[in-house]
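I have placed the structure first, in the form of structure tokens, so that the comments after it can refer back to it.
Atoms within each ligand, like the ligands themselves, are counted from 1 in listed order.
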Amino acid sequence: MTQPRIEVGILGATGMVGQHFVKFLQNHPWFDLTWVGASDRSAGKKYAEATSWRLDGEMPDKVRNLTVQESTPNGGPKLMFSAMDASVATEIERAFAQAGHVVVSNSKNHRMEPDVPLLVPEINADHLKVVALQQKQRGWKGMIVTNPNCSTIALTMALGPMKQFGITRVMATTMQALSGAGYPGVASMDATANVVPYIGGEEEKMQQETQKILGDLTADGFRPLDARVSAACNRVPVVDGHMVATSVEFRAKPKLEDLLAAIEGFAGVPQQRKLPSAPAHPVIYVSANDRPQPRRDAARENGMAVFIGRLRECPVLHYKFMALGHNTIRGAAGAAVLNAELMYTEGMLDS
Ligand SMILES: NC(=O)c1ccc[n+]([C@@H]2O[C@H](COP(=O)([O-])OP(=O)(O)OC[C@H]3O[C@@H](n4cnc5c(N)ncnc54)[C@H](OP(=O)(O)O)[C@@H]3O)[C@@H](O)[C@H]2O)c1
């Protein structure tokens, strides 16, 4: 099928996550990056001049000469990815949605609003239906759709195949990469050969977002997953890849082989529709005792899959395992692009 190409923009394009969007969208088969926005400190400059490129490899040529625009909805493509500083994302994203743009956001600001999808397409593609309510309630033709926090994505993708067994309690302890703190991130004196057992706001986000993502959309809105979720979040000296040591309890304890079969057979709408950024297998079980590992596994499958290993009995809850996800790809830019691909196939990007 030949797809008509779709122009896209990035709000917050000069920042760390913005740069990940630029890189991820390079050579995208459907989307053409034609518009970049940032603060008025950068507006009017060429992207190459406004941006300190912090990612591996060169800044893509196509973006170098784009002029950075002010983040006000005066023209620009209908589809806007957002990677803006959280202090400004609320108002700016709303203004773009009000003006008819489809805002696919990576920021935390709107994630927990009751009429905004917090989307993981393999798990809750049906949550997109709440957009109709959003448009009705807010009186706008555009929309805001969000993706989860970078540690929540690893946990929810791992729990997704297990939901059918009736999850009741989850204990999740993270080991989170430095890249999740943006640039310059954690001071080197804190990060080097050390563990920092606090990431502001992260535990609350993981707990609430997990319940919303794994919950159900009903006629009255979202019904969160009826499970207790406890998160303990730690920053560790790893470059990319968030690990989550997880214990889980079910309504009735399933057999280990049934859990494994559910993990290995797991697929969702992105796989059925063969979306361009969808990994063939979204959750991959790694059987070696010393895997998954951030350096060896996080970037496999273009950074879009989540890896589970060491699934075993837990003497306190029912089972425990390790989950790993690439925090800046599946946990940020890649997640938002996959969301937009799903929305395209739902006709939500049509003019
Ligand atoms: N870092 C991560 O791995 C990560 C992961 C998941 C989610 N997030 C979320 O993603 C968002 C961006 O994070 P980041 O690390 O990329 O931050 P960042 O590097 O500080 O970039 C912030 C971006 O926002 C723009 N901005 C700042 N003030 C603005 C204003 N008044 N109007 C319009 N644009 C403005 C900046 O433009 P200028 O360059 O012109 O200042 C820049 O493009 C945050 O909401 C963060 O919580 C980050």
Side-chain angles (χ1 to χ4, degrees), residues 9-24 33 35-55 59 63 66-74 76 80-96 101 103-112 118-120 144 146-156 174 176-186 191 199-202 204-206 209 233 235-236 238-242 294 298 303 325-339:
I10 304 171
L11 290 157
T14 52
M16 275 307 284
V17 177
Q19 294 178 31
H20 280 287
F21 271 111
V22 167
K23 193 169 174 183
F24 197 85
L33 177 60
W35 190 99
V36 285
S39 77
D40 51 14
R41 295 179 290 276
S42 306
K45 296 179 185 164
K46 297 291 182 204
Y47 184 77
E49 198 190 325
T51 307
S52 299
W53 187 254
R54 307 277 183 203
L55 307 188
M59 176 186 288
V63 79
L66 292 181
T67 301
V68 179
Q69 306 294 320
E70 282 181 17
S71 297
T72 46
N74 296 316
M80 288 286 177
F81 293 105
S82 171
M84 269 179 300
D85 194 273
S87 63
V88 296
T90 302
E91 295 308 322
I92 296 176
E93 290 181 359
R94 280 187 191 155
F96 273 82
H101 292 272
V103 180
V104 179
S105 175
N106 184 63
S107 301
K108 65 181 178 187
N109 304 51
H110 297 285
R111 285 180 194 149
M112 291 309 297
L118 178 52
L119 199 61
V120 179
I144 299 175
T146 61
N147 61 263
N149 168 270
C150 45
S151 45
T152 307
I153 191 83
L155 178 64
T156 52
T174 69
Q176 297 185 222
L178 296 170
S179 58
Y183 192 90
V186 185
I199 303 173
E202 195 83 350
E204 295 78 4
K205 277 188 258 179
M206 265 188 99
E209 291 180 14
C233 296
R235 189 72 69 192
V236 298
V238 159
V239 177
D240 289 316
H242 288 354
H326 197 299
N327 52 297
T328 61
I329 302 178
R330 188 65 211 229
V337 173
L338 186 63
N339 284 354

Checklist outcome for this item: min-distance protein heavy atom vs atom 21 (O) of ligand 1 -> Gly15 CA, 3.2 Å

Checklist entry - Nearest protein heavy atom to atom 8 (N) of ligand 1: under 4.0 Å? => result yes

Checklist entry - Is Gly180 near ligand 1, meaning one of its heavy atoms is under 4.0 Å from it? => result yes

Item to check | Nearest-neighbour protein heavy atom for atom 27 (C) of ligand 1, which is reported as residue plus atom name and distance | outcome: Arg41 NH2, 3.6 Å

Checklist entry - Quick one: does ligand 1 sit under 4.0 Å from the side chain of Ser179, the backbone, both or neither, non-hydrogen atoms only? => result backbone

Next on the checklist: I'd like to check which ligand 1 atoms, numbered from 1 as shown, lie under 4.0 Å from a non-hydrogen atom of Ala86.
Outcome noted: 45 (O)

Next on the checklist: Under a 4.0 angstrom heavy-atom cut-off, which atoms of ligand 1 come close to Gly182?
Outcome noted: 1 (N), 15 (O)

Checklist entry - Does Met16 reach ligand 1 with a nitrogen or oxygen that is under 3.5 Å from one of the ligand's nitrogen or oxygen atoms? => result yes

Checklist entry - How far does CZ of Arg330 sit from CD1 of Ile153, to the nearest 0.5 angstrom? => result 4.5 Å

Checklist entry - Going by heavy atoms, is Asn327 under 4.0 Å from ligand 1? => result no

Next on the checklist: At less than 4.0 angstrom from any non-hydrogen atom of Ser107, what atoms of ligand 1 do you find?
Outcome noted: 45 (O)

Next on the checklist: Once you restrict to heavy atoms under 4.0 Å, what part of Val17 touches ligand 1? Side chain, backbone, both or neither.
Outcome noted: both

Next on the checklist: Tell me whether Ser39 contacts the main-chain N or O of Arg41 through its side chain, where contact means a donor paired with an acceptor under 3.5 Å.
Outcome noted: yes

Checklist entry - Which residue and non-hydrogen atom of the protein lie closest to atom 24 (O) of ligand 1, and at what distance in Å? => result Asp85 N, 3.1 Å

Checklist entry - Could you go step by step and tell me if His20 and Leu55 meet the side-chain contact (heavy atoms from CB on, under 4.5 Å) rule? => result CA-CA 8 Å; His20 280 287; Leu55 307 188; 3.5 Å; yes

Item to check | Asn327 (side chain) donor-acceptor with Gly241 (main chain) under 3.5 angstrom | outcome: yes

Item to check | Atoms of ligand 1, numbered as shown, that sit under 4.0 Å from any heavy atom of Thr14 | outcome: 36 (C), 37 (O), 38 (P), 39 (O), 40 (O), 42 (C), 43 (O)

Checklist entry - Less than 4.5 Å apart, any side-chain heavy atom of Val68 and any of Lys46? => result no

Next on the checklist: Hydrogens and angles aside, do Glu202 and Ser151 bring a side-chain donor and acceptor to less than 3.5 Å of each other?
Outcome noted: yes

Item to check | Approximate separation, where rounding is to 0.5 Å, of Ile92 CD1 and Ser107 OG | outcome: 10.0 Å

Next on the checklist: With a 3.5 Å distance limit and no angle check, can you tell me whether Gln19 reaches the backbone of Thr14 through a side-chain donor-acceptor pair?
Outcome noted: yes

Next on the checklist: Is there a polar contact between ligand 1 and Ser42, counting only N or O atoms under 3.5 Å apart?
Outcome noted: yes

Next on the checklist: Can a donor-acceptor pair be found, under 3.5 Å and without considering hydrogens, that links the side chain of Thr152 to the backbone of Pro148?
Outcome noted: no

Item to check | atom 17 (O) of ligand 1 protein-contacted, heavy-atom criterion under 4.0 angstrom | outcome: no

Checklist entry - To which protein heavy atom is atom 25 (C) of ligand 1 closest, and what is the distance rounded to 0.1 Å? => result Gly12 CA, 4.1 Å

Item to check | Which residue and heavy atom of the protein sit nearest atom 44 (C) of ligand 1, plus the separation | outcome: Met84 O, 3.4 Å

Checklist entry - Does Arg111 reach the main-chain N or O of Asn106 with its side chain, forming a donor-acceptor pair under 3.5 Å? => result yes

Item to check | Heavy atom of the protein closest to atom 29 (C) of ligand 1 (residue, atom name, distance) | outcome: Ser39 CB, 3.5 Å

Checklist entry - Just which atoms of ligand 1 are under 4.0 Å from any heavy atom in Ala83? => result 11 (C), 12 (C), 23 (C)

Next on the checklist: Students should be able to answer this: which protein heavy-atom is nearest to atom 31 (N) of ligand 1, and at what distance?
Outcome noted: Val88 CG1, 3.4 Å

Checklist entry - Sub-3.5 Å donor-acceptor pair from the side chain of His242 to the main-chain atoms of Gly325, do we have one? => result no

Checklist outcome for this item: atom 10 (O) of ligand 1 has as its nearest protein heavy atom Asn106 ND2, 3.4 Å

Checklist entry - Should you measure from each heavy atom of Ile92, which atoms of ligand 1 turn up under 4.0 Å away? => result 32 (N), 33 (C)

Item to check | Enumerated ligand 1 atoms positioned under 4.0 Å from heavy atoms of Ala38 | outcome: 33 (C), 34 (N), 37 (O), 40 (O)

Checklist entry - Taking C-beta and beyond as the side chain, do Trp53 and Tyr47 meet within less than 4.5 Å on heavy atoms? => result yes

Checklist entry - Taking Glu91 for the side chain and Ala89 for the main chain, is one N or O donor matched with an acceptor at less than 3.5 Å? => result no

Item to check | Ala38 backbone acceptor or donor facing Ser71 side chain under 3.5 Å | outcome: yes

